[in-house]
Amino acid sequence: MLTLQVLRNDRDALAQALAKRGIDAAPMLDRILSLDEERRHTQKEVDDLKAQQNAASREIGELFKSGKKDEAEQRRADMGALKEKIHALDEQQKALIEQQESALLELPNRPHDSVPAGQSDADNEVVSEEGARPELGDAAVPHWELADRYKLIDFEAGVKITGAGFPVYRGKGAKLQRALIQFFLDRADQAGYEEFIPPHLVNPDSARGTGQLPDKEGQMYHCADDDLYLIPTAEVPLTNLFRGNLLSAEELPVQLCGYTPCFRREAGSYGKDVRGLNRLHQFDKVEIVRFEKPENSYAALEGMVEHVRGLLRDLELPFRTLRLCGGDLGFTAALTFDLEVWSGAQGRWLEVSSVSNFETFQANRLHCRYRNSEGKPQLVHTLNGSALALPRIVAALLENHQTPEGIRIPAALQPYTGFTTIS
RNA sequence: GGAGAGAUGGCAGAGUGGUCGAUUGCGGCGGUCUUGAAAACCGCUGUACCGCAAGGUACCGGGGGUUCGAAUCCCUCUCUCUCCGCCA
């Protein structure tokens with residue numbers, strides 16, 4: 001949620017920045033501003049009346065104490081009208097604040113200056129591309145066939161037990177999952193991220209804190225009996241660890257990581273997008289999260305992207321880095337870099353990581369602040385990134401490293417898998 | 001699931017109708033002392049909103065109520081803790 005202050009100070013620039021998302025925010029901004037003006041007016045009025053009331057109450061107390069009972073009773077009788085007026089204005093005030101809050105909640109984050117305008121993923125900017133794509137020729141086999149051939153994943157069993165999008169990993173397929181998780185966590189640890197194992201269900205306050213509610217309600221699985229949501233990403237519980245906290249400057253930066261399964265309903269997806277491991281309802285992911293001082297957050301974002309690149313290099317996968325355009329940028333993000341790996345057999349790019357700076361957008365909802373150099377509480381910047389999401393990594397590993405003899409495991413991963421090939 | 005206790009400032013913990021935004025301790029900041037540090041001593045130290053300012057208003061888990069006046073009384077919700085039961 002944007003702060004009212006930004007909106008007040010910077011209405012025009014904000015509207016311009018939001019236009020990069022392809023939305024005309026001006027009417028909404030003006031509505032909020034006029035609500036704000038009305039609220040301030042009402043507050044002035046009600047505050048003055050309350051001041052009157054407080055003064056009168058003090059005087060009545062004095063009168064009672066000094067034994068002037070008659071005068072006190074008289075004053076007391078006169079208070080009724082004032083009380084009613086205050087009550088009515090309080091109600092009005094509350095309604096205004098509510099309207100303003102809900103309007104503010106619907107406003108997406110302000111895109112960073114470097115975000116290109118654009119409608120869809122077609123307008124994303126390719127920042128860099130690395131690694132040679134394999135020469136597989138006509139012999140290229142898609143990962144779902146390889147997974148079946150080497151008995152790594154049983155998609156049908158998942159359908160029977162749960163439904164489509166819930167694969168069952170088996171044998172070396174299961175070991176590969178475990179190896180990747182361990183590899184990613186070790187690398188995050190080496191980079192200074194403290195490991196956490198958070199709950200996999202969160203309450204509505206947490207979902208609101210990171211911005212999943214109200215924006216993405218339909219994307220999450222909801223346990224209605226207990227009003228809890230299955231996490232769509234570890235970002236939600238990890239970031240909410242610091243909800244409501246006031247940090248000292250020395251505590252920053254905070255660097256966290258964690259492995260969790262992730263659950264997404266993915267309503268409306270179909271076709272080649274959901275084939276094999278391309279899009280699942282449950283998948284595994286290691287997430288990295290940072291809380292930063294505002295002046296450091298963009299350097300931190302660079303560092304996180306570089307961390308993810310390091311993982312992809314070690315897995316010997318061809319990949320590219322995208323700067324998301326306004327139209328593709330998530331609701332809560334100010335700047336996002338996506339990392340995509342080349343899927344050798346499918347002949348297309350698969351998103352495996354999304355690294356974002358949310359600036360104060362989440363922190364404002366989370367009420368997560370730190371004491372700045374002047375000793376004043378100030379909103380922190382929050383960032384997070386996948387490092388990494390497993391399914392598409394597995395897809396790319398299978399497809400790009402396939403040989404007539406089997407699947408070649410990259411050297412960096414071999415200490416974790418305990419085997420060098422899958423055959 | 002049954003019974004009881006509790007929720008107060010960065011943290012700990014007092015406060016049971018009228019200068020209580022709140023005693024005190026710790027922490028933090030500033031100072032005295034010291035070659036320097038520690039200790040000791042002295043002072044300062046909540047947040048948000050309105051206002052150019054002076055100042056005003058709100059906040060003692062959330063919501064509602066009683067009262068001229070509520071951290072304090074009543075109702076309600078949520079959460080936490082203890083004991084019992086069940087259980088990986």
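Side chains included, hydrogens not; waters and symmetry mates left out as well; all remaining heavy atoms used. Convention: sequence-line order gives letters A, B, ...; per-chain numbering from 1.
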For [N] versus [M], give the span between their [atom1] atoms, rounded off to a whole number of Å.
N: B:rU80; M: B:rG25; atom1: P; result: 33 Å
N: B:rA40; M: B:rG51; atom1: P; result: 46 Å
N: B:rU45; M: B:rU23; atom1: P; result: 11 Å
N: B:rG28; M: B:rU76; atom1: C1'; result: 39 Å
N: B:rU16; M: B:rC86; atom1: C1'; result: 40 Å
N: B:rC79; M: B:rC26; atom1: C1'; result: 27 Å
N: B:rG13; M: B:rG4; atom1: P; result: 24 Å
N: B:rA58; M: B:rA70; atom1: P; result: 9 Å

Problem - Geometric cation-pi criterion A:Lys172 and A:Phe419, 6.0 Å radius, 45° cone - result: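 Judged by the rule (NZ or CZ under 6.0 Å from the ring centre, within 45° of its axis), A:Lys172 counts as positioned above A:Phe419.
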[N] - base-pair partner by Watson-Crick or wobble geometry, distances under 3.5 Å:
N: B:rC59; value: B:rG46
N: B:rU32; value: B:rA40
N: B:rU66; value: none
N: B:rC86; value: none
N: B:rG10; value: B:rC26
N: B:rA5; value: B:rU80
N: B:rU19; value: none
N: B:rC52; value: none

Output side-chain donor-acceptor pairs under 3.5 Å for residues 188-202 of chain A, partner residues at least two apart or in another chain, one line each.
{"unit_1": "A:Tyr193", "atom_1": "OH", "unit_2": "A:Arg290", "atom_2": "NH1", "d": "3.3"}

Fill in the blank from the handout: With B for base contact, S for sugar-phosphate-only contact and - for none (protein heavy atoms under 4.0 Å), nucleotides 66-72 of chain B reads -BBS---
Practice task
Using heavy atoms to find the nearest nucleotide of RNA chain B for A:Ala55 and A:His87 separately, return the residue whose nucleotide is more 5′.
Solution key: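 Per heavy-atom nearest nucleotide, the more 5' residue is A:Ala55.
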Could you state the atom-to-atom distance from [atom1] of [X] to [atom2] of [N] in whole Å?
X: A:Gln52; N: B:rU57; atom1: CD; atom2: P; result: 11 Å
X: A:Glu251; N: B:rG28; atom1: CD; atom2: P; result: 13 Å
X: A:Glu374; N: B:rU45; atom1: CD; atom2: P; result: 18 Å
X: A:Arg243; N: B:rC79; atom1: CZ; atom2: P; result: 13 Å

Problem - Full working for salt bridge (charged side-chain N to carboxylate O under 4.0 Å, His left out) between A:Arg40 and A:Glu45 - result: CA-CA 9 Å; A:Arg40 281 144 90 175; A:Glu45 220 172 325; over 6 Å; no
Exercise for the section: Go through the structure and list residues passing salt bridge (charged side-chain N to carboxylate O under 4.0 Å, His left out) with A:Glu266, not counting sequence neighbours. Expected result: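 Per chain and number, A:Glu266 pairs via salt bridge (charged side-chain N to carboxylate O under 4.0 Å, His left out) with A:Arg279.
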Practice task
Quick one: list whatever passes salt bridge (charged side-chain N to carboxylate O under 4.0 Å, His left out) with A:Glu91, sequence neighbours left out.
Solution key: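 For A:Glu91, the residues satisfying salt bridge (charged side-chain N to carboxylate O under 4.0 Å, His left out) (neighbours in sequence not counted) are A:Lys94.
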Handout entry: Within 6.0 angstrom of A:Glu84 CD, more than 12 heavy atoms from elsewhere
Key =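 It does not: A:Glu84 CD has 12 such atoms or fewer within range.
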Exercise for the section: Indicate yes or no: at least one non-hydrogen side-chain atom of A:Asp148 is less than 4.5 angstrom from one of A:Ile153. Expected result: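 Sidechains of A:Ile153 and A:Asp148: no contact.
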Exercise for the section: Taking the side chain as every heavy atom from C-beta outward, state whether A:Phe283 and A:Leu390 have any pair of such atoms under 4.5 Å apart. Expected result: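 Of all side-chain heavy-atom pairs linking A:Leu390 with A:Phe283, none is under 4.5 Å.
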Would you give me the side-chain donor-acceptor pairs under 3.5 Å for residues 3-20 of chain A, sequence neighbours excluded?
{"unit_1": "A:Thr3", "atom_1": "OG1", "unit_2": "A:Val6", "atom_2": "N", "d": "3.4"}
{"unit_1": "A:Arg8", "atom_1": "NE", "unit_2": "A:Asp36", "atom_2": "OD2", "d": "2.7"}
{"unit_1": "A:Arg8", "atom_1": "NH2", "unit_2": "A:Asp36", "atom_2": "OD1", "d": "3.4"}
{"unit_1": "A:Arg8", "atom_1": "NH2", "unit_2": "A:Asp36", "atom_2": "OD2", "d": "3.4"}
{"unit_1": "A:Asn9", "atom_1": "ND2", "unit_2": "A:Gln5", "atom_2": "O", "d": "3.3"}
{"unit_1": "A:Asp10", "atom_1": "OD2", "unit_2": "A:Arg110", "atom_2": "NH1", "d": "3.4"}
{"unit_1": "A:Arg11", "atom_1": "NE", "unit_2": "A:Asp30", "atom_2": "OD1", "d": "2.8"}
{"unit_1": "A:Arg11", "atom_1": "NH2", "unit_2": "A:Asp30", "atom_2": "OD1", "d": "3.2"}
{"unit_1": "A:Arg11", "atom_1": "NH2", "unit_2": "A:Asp30", "atom_2": "OD2", "d": "2.9"}
{"unit_1": "A:Lys20", "atom_1": "NZ", "unit_2": "A:His112", "atom_2": "O", "d": "3.1"}
{"unit_1": "A:Lys20", "atom_1": "NZ", "unit_2": "A:Asp113", "atom_2": "O", "d": "3.3"}
{"unit_1": "A:Lys20", "atom_1": "NZ", "unit_2": "A:Val115", "atom_2": "O", "d": "2.9"}

Please tabulate, one pair per line, each protein N/O and nucleotide N/O from nucleotides 46-50 of chain B that are separated by under 3.5 Å, including the distance.
{"unit_1": "B:rC49", "atom_1": "O3'", "unit_2": "A:Arg39", "atom_2": "NH2", "d": "3.0"}
{"unit_1": "B:rC49", "atom_1": "O2'", "unit_2": "A:Arg39", "atom_2": "NH2", "d": "3.2"}
{"unit_1": "B:rC49", "atom_1": "O2'", "unit_2": "A:Gln43", "atom_2": "OE1", "d": "2.5"}
{"unit_1": "B:rC49", "atom_1": "O2'", "unit_2": "A:Gln43", "atom_2": "NE2", "d": "2.8"}
{"unit_1": "B:rC49", "atom_1": "O2", "unit_2": "A:Gln43", "atom_2": "NE2", "d": "3.2"}
{"unit_1": "B:rC50", "atom_1": "OP1", "unit_2": "A:Arg8", "atom_2": "NH1", "d": "3.3"}
{"unit_1": "B:rC50", "atom_1": "OP1", "unit_2": "A:Arg8", "atom_2": "NH2", "d": "2.7"}

Practice task
Using the six-membered ring wherever Trp is involved, compare the ring planes of A:Phe242 and A:Phe291 and label them parallel, tilted or perpendicular (cut-offs 30° and 60°).
Solution key: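 Tilted: the ring planes of A:Phe242 and A:Phe291 meet at 30° to 60°.
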Problem - Parallel, tilted or perpendicular: rings of A:Tyr221 and A:Phe166 (30°, 60°) - result: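 Ring orientation, 0 to 90° scale: tilted.
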